[in-house]
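This report refers to the structure that appears directly beneath it.
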2 protein chains.
Amino acid sequence: MNNPIQPPVGTSSSRIYDTLRKDLISGRFAAGEKLAINTLKEQYQVGLSPLREALNKLAAYGLLTQENQRGFRVPKLSRNELDDIAQMRLELEGMALERAIAHGDALWEADLLAAAHRLRRTDVTLDKGEEWEQLHSHFHRTLVAPCGSVWLLRFIEQLHDQFDRYRRLGPKIPTIRQELDDQHHKLVELALQRDAKAARALMDDHIHKSYDVALARYQKHA
Amino acid sequence: MNNPIQPPVGTSSSRIYDTLRKDLISGRFAAGEKLAINTLKEQYQVGLSPLREALNKLAAYGLLTQENQRGFRVPKLSRNELDDIAQMRLELEGMALERAIAHGDALWEADLLAAAHRLRRTDVTLDKGEEWEQLHSHFHRTLVAPCGSVWLLRFIEQLHDQFDRYRRLGPKIPTIRQELDDQHHKLVELALQRDAKAARALMDDHIHKSYDVALARYQKHA
DNA sequence: TTAGATAAAATAATCGATTTTTTAATATAC
DNA sequence: GTATATTAAAAAATCGATTATTTTATCTAA
């Protein structure tokens, strides 16, 4: 019944990019680790050219560092950088949320409700970790989507990816998930009420709490 | 006397990246233009692999767009995007300037004075256009350098590159250069006086004036 | 020993050619 | 004529092999 032969979608280069991006964010590689290109080639079963193109993009994006003639490394983590990222999230996501609340339409409201609902209904345990992460990212993207600035959204996305390198350090044990998830729903409520001020305050708190989680994991990790 | 044979610095890939970045910002390629890789290969005298790696990085950075199986294009320009970029510059550079004024030390003050002086002393006409651009970028980088956030600096740099695609459209005639250059010096003054509020106000005005220049060029261009 | 030179191995970067996909040109049916 | 199919040309993506550079191991002289 189901389409027996699935032709791979996209180019080899774009697929390995997506895969590596996820793996870098989820902590599959150790911070500071040097990437052995030939090993990657085997592990991911891709050719050298598409692999190098993906690595170059990831370096430009900030999920890898590159030094001439000595390949690619996973960027080190630091308390200072975590603070920087969290601070920037506060500024940029706060700004974006206020603007989204000012401009978002009825379709946005519907998307928000849907995204929050799916997020709550997916148990983070039970081997659904990666799915939960997807839904979580999607929720936060949806929240700020109608802010009106392509560049702001781009920067926020980038910061999320960086932040998650800290938040997802170590074993996949649920932390204060419940509390954070409640905040997701409260954020939706306030957004629907168009209460920009309160929403921003809650977003600040949400980022602060996430920061505490990330920091704890970072410190345990080190 | 002078070192007769200069070995090329960096990898072929990193050199072509730098060159293309400059050329994309300076408007050497038309907006929306499709890049013919084989032509580039000849024009810049580089191999296919380093060239593609550079193009991939530029796409991740936002100076090119990439569509699977159909290569690279120079991103289109739009009034909306120009407004977006300028708005983001207002927010981010304002933020960065305030923080820089709070944290910058004596060395920073010296760097600032030097950067502003060199900028004024380089005539934008007389075939020094590219040199002036370099000094101008450097001045603005210096101004916000001690803001304390690596990510903020990174985003600002990216926005500058994007903004300059608009500002540098069309022939290289000096516009209201004098007025803008005066502002550079006033910015230094206010920074040295640690007057964050006034400095930010002036920076806002500076970006607004630059925006007017960029918009005029964009409209003439279209 | 140990700092520095030398050789060998490993890795990164690049090249030239091949394969795949898209685009353009031409033909064929309605 | 217009739409669809077929073929030819062009371009993008990928592969396999080569070259250049760095890293590691080994040697030698103070």
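Quantities reported herein were computed from a predicted structural model and do not represent experimental measurements. Below, chains carry the letters A, B, ... as their sequence lines are ordered, and counting in each starts from 1.
- Using a 4.0 Å heavy-atom criterion, one finds that A/Ser12 contacts the sugar-phosphate atoms exclusively.
- Following rounding to the nearest Å, B/Asn68 (CG) and C/dT21 (C1') show an atom-to-atom distance of 12 Å.
- Atom CD in A/Gln45 sits about 15 Å away from atom C1' in D/dT14, given to the nearest Å.
- Atom CD of B/Glu133 is separated from atom OG of B/Ser26 by 9.0 Å, given to the nearest 0.5 angstrom.
- Here A/Ile37 lies in heavy-atom contact (under 4.0 Å) with sugar-phosphate atoms only.
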- [ ] Give the intermediate values and the outcome of side chain to side chain contact (heavy atoms under 4.5 Å, CB included) for residues B/Arg118 and B/Arg121.
- [x] CA-CA 5 Å; B/Arg118 270 182 289 165; B/Arg121 290 295 297 257; 5.8 Å; no
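- Using a 4.0 Å cut-off between charged side-chain N and carboxylate O, A/Arg21 and A/Asp18 make no salt bridge.
- Residue A/Leu48 contributes atom CG, which lies 9 Å from atom C1' of C/dA13 at whole-angstrom precision.
- Atom pair B/Asn38:CG and C/dT22:P shows a separation of 18 Å (rounding to whole Å applied).
- A donor and an acceptor atom, one from each side chain of B/Asp161 and B/Tyr61, are located under 3.5 Å apart.
- If you measure from atom CG of B/Leu51 to atom C1' of D/dA13, you get 13 Å, rounded to the nearest angstrom.
- Taking only side-chain atoms of B/Pro50, from C-beta outward, the nucleotide of D/dA13, C/dT14, C/dA13 with the closest atom is C/dT14.
- Between the OH atom of B/Tyr44 and the P atom of C/dC15 there is a distance of 17 Å, rounded to whole Å.
- Using a 4.0 Å cut-off, no side-chain N or O of A/Lys41 falls inside it from OP1 or OP2 of D/dC15.
- At the phosphate of D/dA12, neither OP1 nor OP2 sits under 4.0 Å from any side-chain N or O atom of B/Arg52.
- As judged by a 4.0 angstrom heavy-atom cut-off over every strand, A/Leu35 is placed among residues touching the sugar-phosphate backbone only.
- Note on B/Arg70: every side-chain N or O is 4.0 Å or more away from OP1 and OP2 of D/dA11.
- Look at CG on A/Leu40: it is 13 Å from C1' on C/dA12, rounded to the nearest Å.
- Spacing between atom CZ of B/Arg73 and atom C1' of C/dT23 amounts to 12 Å, rounded to whole angstrom units.
- Using cut-offs of 30° and 60° for the angle between ring planes, the B/His160 and B/His140 rings count as tilted.
- In terms of position on DNA chain D, the residue among A/Ser14 and A/Lys34 whose nearest nucleotide sits closer to the 5' end is A/Ser14.
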